[in-house]
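Have a look at the structure below, then the notes.
Here, residue 1 is the first one in the sequence, and each next residue gets the next number.
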Amino acid sequence: MLSGQLVGSLFSMAGRVCVSRGSARSGAIGPVEAAIRTKLEQALNPEVLELRNESGGHAVPPGSETHFRVAVVSSRFEGLSPLQRHRLVHAALSEELAGPVHALAIQARTPAQWRESPQLDTSPPCLGGSKKTRGTP
């Protein structure tokens with residue numbers, strides 16, 4: 001079941017599902033988000049790829065593409081540790097991570113793991129650039 005605001009389209013081709021979810025303020029998929037999607041599809045051949053631009057919830061200018069959350073479900077992750085899975089994602093997105101992307105939250109799961117919990121996690125609220133910790137004035 002899909003939750004949250006769908007910003008992009010839902011595509012289903014040969015059993016694969018790809019969903020774009022943006023922040024509540026955005027209405028279009030930007031070039032960085034499109035590049036992330038393309039590179040992950042090519043590198044990992046995912047069964048499910050959910051991508052959310054969370055930049056609008058951070059202290060960045062409107063329309064920014066700096067903070068993302070991604071769920072990648074791929075049989076390529078079978079037998080790999082979480083660290084090895086994240087390294088595959090980082091390798092595919094090395095250009096974006098060296099440039100425009102400031103933060104990337106990754107859920108890298110096998111198809112069996114996704115069937116157990118088929119949802120994209122949510123990020124905690126941004127604390128801003130002040131380095132404050134939760135619960136301090």
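- Annotation: side chain to side chain contact (heavy atoms under 4.5 Å, CB included) contacts of Ala112 (sequence neighbours excluded): Thr110, Arg115.
- Although no hydrogens or angles enter the test, the distance criterion places no donor-acceptor pair under 3.5 Å between the side chain of Glu50 and the main chain of Ala71.
- When every heavy atom of Ala108 is checked against every heavy atom of Gln113, the shortest pair comes out as O-OE1, 4.3 Å.
- In this structure the side chain of Pro111 reaches within 4.5 angstrom of the side chain of Val73, judged on heavy atoms.
- Between Phe77 and Arg109, the shortest heavy-atom distance links the atoms CD1-O, 3.3 Å.
- For the pair Leu120 and Val70, the tightest heavy-atom approach, listed with the atom from each and the gap, is CD1-C, 3.9 Å.
- In this structure, Pro100 and Glu95 approach most closely via the heavy-atom pair CD-O, 4.2 Å.
- Separating the CZ atom in Arg52 from the CZ atom in Phe68 is a distance of 12.0 Å, to the nearest 0.5 Å.
- A donor-acceptor pair under 3.5 Å is absent between the side-chain atoms of Arg76 and the main chain of Leu88, judged by distance alone.
- Side chain of Ser64 to backbone of Thr66: no donor-acceptor contact under 3.5 angstrom is found.
- Rounding to the nearest 0.5 Å gives a distance of 7.5 Å between CD1 of Ile36 and CG of Leu97.
- The backbone N or O of Ser75 sits nowhere less than 3.5 Å from a side-chain atom of Glu78 that would complete a donor-acceptor pair.
- A distance of 12.0 Å separates CZ in Arg87 from CD1 in Ile106, rounded to the nearest 0.5 Å.
- Using a 4.5 Å heavy-atom threshold, the side chains of Arg69 and Gln107 count as touching.
- Of all the heavy atoms in Leu93 and Lys39, the pair that sits closest is CD2-CB, 3.9 Å.
- In terms of heavy atoms, Ala92 sits closest to Leu40 at CB-CD2, 4.1 Å.
- Using a 4.5 Å heavy-atom cutoff, the side chains of Leu44 and Val89 are in contact.
- By the 6.0 Å contact criterion, NE2 on His102 is open, its count of non-hydrogen atoms from other residues, nucleotides or ligands being 12 or less.
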